[in-house]
Protein chains: 2
Amino acid sequence: MARPRIKDVARRAGVSEKTVSNVINDYAHVSERTRTAVREAIDELGYRVNLAGRHLRRGRTGIIALVVPELDIPYFADLATLIITEAERNAMTVLVHQTREDRRRELAALEGFGSDFADGLILSPLTLTGTDLRDRPGAPPTVLLGERVRPGQADHVAIDNERAAREATVHLLELGRRRIWVIGGKEGTEPGTAEVRSAGHRAALEAAGLPWDPAVLLRVENFRALDGALAVRRLLDAGETPDGLLCLNDQLALGAMRELHDRGLRVPEDVAVVGFDDVEGGRFSVPSLTTVAPDKHAVARVALELLMVRISERDTGGAITPPRERVVAHRLLVRESSMGTGSRA
Amino acid sequence: MARPRIKDVARRAGVSEKTVSNVINDYAHVSERTRTAVREAIDELGYRVNLAGRHLRRGRTGIIALVVPELDIPYFADLATLIITEAERNAMTVLVHQTREDRRRELAALEGFGSDFADGLILSPLTLTGTDLRDRPGAPPTVLLGERVRPGQADHVAIDNERAAREATVHLLELGRRRIWVIGGKEGTEPGTAEVRSAGHRAALEAAGLPWDPAVLLRVENFRALDGALAVRRLLDAGETPDGLLCLNDQLALGAMRELHDRGLRVPEDVAVVGFDDVEGGRFSVPSLTTVAPDKHAVARVALELLMVRISERDTGGAITPPRERVVAHRLLVRESSMGTGSRA
DNA sequence: ATGAAAGCGCTAACAA
DNA sequence: TTGTTAGCGCTTTCAT
C-alpha cells in the first residue's frame with residue numbers, strides 16, 4: 001500500500017491533521033496522552049515526513065548547496081567534511097556540486113541551478129568575475145570561499161593570501177634560498193588566488209632588496225600532484241636550478257617533491273619546498289611538507305555563520321546588509337621539506 | 001518584490017499557467033510564438049522554477065543521498081566525485097552525509113533520515129548488520145557499497161575483496177616475504193571488509209602451505225595515515241620484525257611507510273608494503289605504493305544504474321525484484337613499495 | 001495548441 | 001489543547 005500521510009496518521013490516532021503536525025514539530029502545547037497516541041500511530045504506520053510538502057509550505061528546504069571545483073582534491077574534501085558537519089549543527093543538509101573548473105557550471109551555481117531548491121550557496125569559484133556577482137535578483141544567499149574575487153559583491157571568507165605567501169617566501173629566504181619558483185599559476189582565470197599569492201611572494205623579495213621576475217610563476221593545468229611533477233620537470237629540463245619552490249597547494253608540492261626525488265635532487269638540502277593547505281598527505285610524506293595551514297574549521301564555521309544570517313535576513317524580508325568580508329587565521333607549519341638547512345647564502 | 005511565480009509569468013505572457021509549465025518542461029506541442037513570448041516573460045521577471053512545488057507534485061525530488069563514513073578519506077572523496085558526476089548524467093543531484101562511523105547515523109540514513117526527501121540512497125556502511133536491512137517499509141531504494149553485509153538484503157556493489165587480498169598476499173609471498181602483518185582490523189564492527197580481506201590473506205598463506213595466525217590482523221582506531229603509523233609503532237615496539245605489510249587502505253599504508261622510515265627500515269628492501277584503493281597519494285609517495293586498485297568508475301556507474309532501476313521500479317509500482325549483487329573489477333598495481341626486491345626467502 | 005480546475009502533503013492562521 | 005480552513009507552486013487530468 002501507498003506510503004502513509006499525515007491524514008492517515010490523524011485518522012488512526014483519532015485526532016486532526018494539525019495535531020499530528022504539532023507532534024511532529026514538537027509544538028509545546030500538546031497533551032501527553034495525545035502525543036503518545038500520535039507517536040504510536042506514526043510508528044505503527046511507519047510514517048515519515050514528506051519534505052516536499054513541508055518545503056513548499058515553509059518556503060525553505062533546509063538544504064545548502066556546496067559548490068567546489070573538485071571534491072577529490074584533499075583540500076576541498078577537508079573543507080566539505082567540515083562544512084557538512086557545521087551544517088548539520090545548523091539543522092541543514094549539504095548538497096555537493098562540482099564545477100570541474102567549468103565556467104558555465106559556476107555560473108549555473110550562482111543562479112541557483114535555475115531553480116531555488118537550496119536555501120543558500122557556498123561557492124569556491126575559479127572563474128567568476130566581479131560582474132558575474134552583480135545583480136543576481138532572486139538568486140540564493142551566497143558565501144564565496146577562497147578567491148579574492150572583487151570584494152563587495154558577496155559575503156566572502158578567506159585567509160590573508162597575500163600575507164601568507166609573503167611569510168612563506170620570507171621563510172625560504174631566511175633559509176638562504178634565492179632561486180625560488182612559484183608553482184600554480186592558472187591560464188586564463190580572473191585575478192585570483194595565484195595572483196594574490198604571487199603578489200605576496202613579490203613583496204617578500206622586494207622587501208629583501210631582491211629582484212622579482214614574473215617568469216617565476218609556473219603555470220599548471222590543474223592543481224594535482226601530477227601537475228606539480230610536470231612543472232618541475234619542465235623547469236629542470238629548461239636547465240634551471242631552483243633552490244626553493246613555493247607551491248600553491250600541497251598536491252602540487254607533493255608531486256614536485258616526487259619529481260625532484262626522481263631527478264636526484266634532495267629536499268630540503270638542494271631544494272626547499274613549501275605548500276599551501278595542510279592536507280594529510282603532507283604530514284606523512286617523506287620528507288614531510290612545510291605548508292601554510294589555513295584554519296579550515298574557521299572557514300567552515302564562518303561560512304555557515306554568514307550564510308545563516310543571510311538566510312534569515314531573506315526570510316524576514318528585512319533590510320539587506322552590505323556584503324561581509326571575513327579573514328580567518330593561517331599559520332606556517334615548518335616541516336622537513338624546508339627544515340634544518342641553515343644558511344647557504 | 002517577492003519572487004515571481006508561474007502565475008506571474010503567465011499573466012505577463014498573456015497565457016495560462018499550464019502553457020508556461022509546458023514551456024518550462026519542453027513539452028512538444030507549443031507554438032513557436034507562444035514559446036518565445038513565455039521565454040521572454042521568464043527572462044524579464046527572472047523567474048526560476050520552485051522545486052518544492054515541482055517535487056510535491058511529481059513525487060520525486062531528483063536527489064540522491066550519498067552516505068559515507070568520512071569524506072576526507074581520499075577513497076571516499078574519489079568515490080563521491082565519481083558518483084556526483086554519474087548522478088549528474090542521470091539528472092540527479094547528490095546530497096552528502098557523513099556517518100563518522102556512528103551507528104545511529106547509519107541507521108538514520110537507512111530510514112531516509114526520518115523523511116523522504118531523497119529518491120534513493122547510496123550507502124557505504126561500517127556498522128550495519130543484516131537485520132538492520134531487513135524490513136524497511138517505505139524506506140528509500142538503497143544501494144550498498146563496499147561492505148559485504150550479509151548479501152540478499154539490498155543491492156550491493158563491491159570488488160571481490162577476498163580474492164583481492166589473496167592476490168596481494170600471493171604477491172608478497174612471491175617476493176619471499178614470510179612475516180606479513182595485516183593492518184586495518186576494526187573493533188566491534190560486523191564481519192566486514194577487514195574480515196573478508198583477512199580471509200583472503202589466510203587463504204593465500206594456506207595455499208602456500210604456511211601457517212596462519214589471527215594475531216597478524218592489527219586493529220586500528222580509524223583508517224587514516226596516523227593509524228597506520230601507530231600500528232607499525234606498536235608492532236616494532238613489541239619487538240616484531242615484519243617483512244611485509246598488507247594495509248587495508250592506502251592511508252594506513254602511507255602512514256605505515258612513514259613510520260618505517262622513521263625507524264630506519266627501508267621499503268621495500270626491509271619491509272614490502274601493499275595498500276588498497278589506489279588513491280593519488282600512493283602514486284606520488286616515495287616510494288610509490290603498491291595497491292589493489294578497484295575500478296572506482298565502475299563502482300559509481302553500477303551503483304547509479306542499480307539505483308535508477310530501483311527508483312523507477314518504485315515509481316511504476318511494479319514488482320520488486322530481488323536484491324542484486326554486483327562485483328566490479330580490481331587489479332593489483334605493483335609499484336616501488338613492493339618492487340624489485342627479488343627473493344629473500 | 002491551450003485553458004480550467006483539482007490536488008500533491010504539509011503547516012500557518014484562525015477558531016473553538 | 002485541538003480542529004477547520006486555506007493555500008504554498010507546481011503539474012496532471014480533462015476540456016476545448
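Just so we're on the same page: letters track the sequence lines, and every chain starts at 1. Every heavy atom of this structure was used, including side-chain atoms; hydrogens, water molecules and symmetry mates were not.
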Legend entry - Nearest-nucleotide pick for Arg5(B), side chain only, options being dG9(D), dT4(D), dT11(D): dG9(D)

Legend entry - Taking every non-hydrogen atom, the tightest pair across Val299(B) and Leu79(B): CG1-CD1, 3.9 Å

Legend entry - Contact nearer the 5' end of DNA chain C, comparing Val15(B) with Leu56(B): Val15(B)

Legend entry - Nearest listed nucleotide, side chain of Asn22(A), among dA4(C), dG9(C), dT2(D): dT2(D)

Inset, instruction - For the side chain of Thr19(A), starting at C-beta, report the closest nucleotide among dG9(C), dT2(C), dG3(D). - result: dG3(D)

Legend entry - Protein-nucleotide distance (Asn25(B), atom CG; dG9(D), atom P), rounded to Å: 17 Å

Legend entry - Residue Asn50(B), side-chain atoms from C-beta onward, closest of dC10(C), dG9(D), dA13(C): dG9(D)

Legend entry - Length of the line joining Tyr27(A):OH and dT11(C):C1', which is rounded to integer Å: 12 Å

Legend entry - Distance in angstrom units between Lys18(B) NZ and dA6(C) P, rounded: 17 Å

Inset, instruction - Rounded to the nearest angstrom, tell me the gap between atom CD in Glu17(A) and atom P in dT1(D). - result: 21 Å

Inset, instruction - Could you please name the option among dC10(C), dG9(D), dG3(C) that lies closest to any side-chain atom of Tyr47(A)? - result: dC10(C)

Inset, instruction - For the side chain of Arg57(B), starting at C-beta, report the closest nucleotide among dG3(C), dC8(C), dT2(D). - result: dC8(C)

Legend entry - Thr34(A) side-chain proximity, nearest of dA12(C), dT2(C), dT1(D): dT1(D)

Legend entry - Salt bridge flag under 4.0 Å for residues Arg310(B) and Glu313(B): yes

Legend entry - Whole-Å distance separating the CZ atom of Arg54(A) from the P atom of dA12(C): 9 Å

Legend entry - Distance, rounded to the nearest Å, where Ile24(A) contributes CD1 and dA12(C) contributes P: 12 Å

Inset, instruction - Tell me which nucleotide among dT11(C), dT1(D), dT11(D) gets nearest to the side chain of Arg58(A). - result: dT11(C)

Legend entry - Considering all heavy atoms, the nearest Pro323(B)-Gln153(B) contact: CG-C, 3.9 Å

Legend entry - Contact summary for Val157(A) and Val143(A), nearest pair of heavy atoms: CG2-CG1, 4.0 Å

Inset, instruction - Find the distance Arg11(B):CZ to dG9(D):P and express it as a whole number of Å. - result: 12 Å

Inset, instruction - Consider the side chain of Ile6(A), meaning its heavy atoms from C-beta on, and name the nucleotide among dT2(C), dT11(C), dC10(D) that approaches it most closely. - result: dT11(C)

Legend entry - Rounded interatomic separation in angstrom, taking NE2 from His55(A) and C1' from dA12(C): 17 Å

Inset, instruction - Identify whether the distance between the nearest side-chain nitrogen and carboxylate oxygen of Arg100(A) and Asp102(A) falls below 4.0 Å. - result: no

